[in-house]
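Working notes, beginning with the structure itself.
Side chains are part of it too, since the values below use all heavy atoms of this structure and drop only hydrogens, waters and symmetry mates. None of these values were measured; they are calculated from a predicted model. Letters A, B, ... mirror the listed sequences (proteins, then strands); counts begin at 1.
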Number of protein chains: 2
Amino acid sequence: MAHQPRRTLRRAPKADETLTRPRKRPATQGTDEQRPPISLDGLTSLAGYLIRQAQLWVFEDFNGTLAPLDIRPAQYSILVVVRDNPGLSQMALSEVLGISRSGIIPPLDELQSRGLLERLPTSDRRTHALHLTAAGTALLALADSLVQQHERRLMDKVGSRGHQQLLQVLEVFGRNR
Amino acid sequence: MAHQPRRTLRRAPKADETLTRPRKRPATQGTDEQRPPISLDGLTSLAGYLIRQAQLWVFEDFNGTLAPLDIRPAQYSILVVVRDNPGLSQMALSEVLGISRSGIIPPLDELQSRGLLERLPTSDRRTHALHLTAAGTALLALADSLVQQHERRLMDKVGSRGHQQLLQVLEVFGRNR
DNA sequence: TATTGTTATACTCTATAACTATA
DNA sequence: TATAGTTATAGAGTATAACAATA
């Protein structure tokens with residue numbers, strides 16, 4: 001029904017990262033006894049396992065880096081796609097991001113309540129046209145520079161050559177899912 | 001206190017995958033009108049985004065492949081680590097898997113209730129020694145062959161060379177987090 | 001009838017804190 | 001006091017189903 005843009009104030013997200021984060025091994029537990037090494041070879045030989053571990057690192061580092069702006073990965077991806085495709089509908093957005101059309105609503109509500117994004121009416125009164133506000137555009141510019149820092153840290157982790165290889169090899173996962 | 005191994009029956013996990021899965025674009029919505037292409041360049045140039053998308057594919061394919069055995073990624077990783085490190089404690093397991101010591105309990109309970117894994121008492125009566133049962137060893141062997149199918153599908157996706165590069169480049173994320 | 005956005009609900013995963021028993 | 005395992009609780013993320021407005 002193309003409701004009024006809602007003003008719902010959503011739960012303030014924890015300023016810090018809330019996503020999976022690795023254990024900070026508990027200070028080599030008390031005495032610095034050496035513990036028997038645990039073999040992970042059965043897992044580390046699987047590319048899928050390594051991808052999962054890399055993704056956990058990415059989210060952790062991303063969240064830490066963008067904590068000052070209180071932007072999580074999903075929010076960042078929404079802001080980028082809306083900036084690059086102004087006026088797109090919620091359906092189109094949820095589709096390219098691989099989220100259900102109901103799942104896109106909480107992050108959109110939050111971004112809107114923070115004044116970063118707006119839902120404008122269209123000729124088809126069922127749909128909303130998504131646009132960034134001036135504040136959203138400004139904040140995204142800041143976020144972009146932090147994301148570049150994050151990306152550089154990833155490059156430090158895997159090497160410049162490794163980073164290039166990742167972009168090439170994983171490109172197949174980037175196209176429209 | 002090294003409780004009795006619990007018999008708690010845990011909620012039957014949905015036999016199919018329950019993790020994030022991509023939208024199956026709704027049949028090009030009704031009429032096959034061509035929709036304006038949506039630019040994702042702002043995201044696909046980020047290695048972190050591609051890693052995230054790859055990881056979603058991995059979980060989806062993994063879950064689909066291992067659905068006949070009703071084994072999810074976390075359960076598989078537990079079975080592998082316990083097989084390769086028999087007798088390790090829950091603390092050690094949760095540490096190498098990057099899960100909190102309370103978070104390891106639900107999957108362990110489930111595996112134990114399914115007769116795949118047991119918690120044996122040790123001289124330190126606070127700790128449990130984790131071991132696979134015969135059934136667990138047998139099921140893991142089946143799982144391994146399915147995981148190899150999954151890994152082959154990943155190789156089909158990124159190419160043989162790309163697969164090798166992934167193992168090399170991401171190896172840094174595999175070591176003990 | 002089909003589609004968009006929304007609400008309601010449920011489930012998974014993970015986190016933290018408090019508790020028990022052991023050391 | 002410190003540690004291992006457990007319980008209780010909470011939060012984020014995502015899923016499905018049903019609904020109203022609109023096409």
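Note: CD (E95(A)) to C1' (dG5(C)) measures 15 Å, nearest angstrom. Rounded to whole angstrom, the span from the CD1 atom of I104(A) across to the C1' atom of dG5(C) amounts to 12 Å. Summarising the geometry, the separation between CG on N63(A) and C1' on dG11(D) is reported as 14 Å, rounded to the nearest angstrom. Atom CG in L120(B) sits roughly 15 Å away from atom C1' in dG5(D) (whole-Å rounding). dG13(D) atom C1' lies 12 Å from atom CD of Q75(A), rounded to whole Å. We find that CD1 of I105(B) is positioned 13 Å from P of dA4(D), with the value rounded to whole Å. The interatomic distance linking Q112(B) (CD) with dG5(D) (C1') rounds to 12 Å, in whole Å.
Listed nucleotides dT6(D), dT14(C), dA12(D) differ in distance to Q90(B); the shortest reach to its side chain belongs to dT6(D). Taking the side chain of S102(A) as heavy atoms from C-beta on, and the options dT16(C), dA4(D), dA17(D), the nearest nucleotide is dA17(D). Checked against dT6(D), dA23(D), dA23(C), the side chain of R125(A) finds its nearest nucleotide in dA23(D). Listed candidates were dT6(C), dA18(C), dT22(C). Nearest to the side chain of D124(B) is dT22(C). Distances from the side chain of R126(B) to the nucleotides dA2(D), dG5(C), dT6(C) place dA2(D) closest.
Results of the side-chain hydrogen bond (donor to acceptor under 3.5 Å, both in side chains) test with T65(B) over R153(B), E60(B), E151(B), H150(B) single out R153(B) as the only residue that passes.
A 4.5 Å side-chain heavy-atom check between V58(A) and Y49(B) finds every atom pair outside the cut-off.
Not a single donor-acceptor pair, N or O on each side, falls under 3.5 Å between the base of dT3(C) and the side chain of T127(A). Evaluation of atom-type donor-acceptor distances gives a pair under 3.5 Å for the side chain of R101(A) against the base of dG5(C).
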Let's go through L43(A) and L97(B) carefully: what are the C-alpha distance in whole Å and the side-chain angles of both, what is the deciding distance for side chain to side chain contact (heavy atoms under 4.5 Å, CB included) to 0.1 Å, and is it a yes or a no? CA-CA 10 Å; L43(A) 297 177; L97(B) 293 184; 4.3 Å; yes
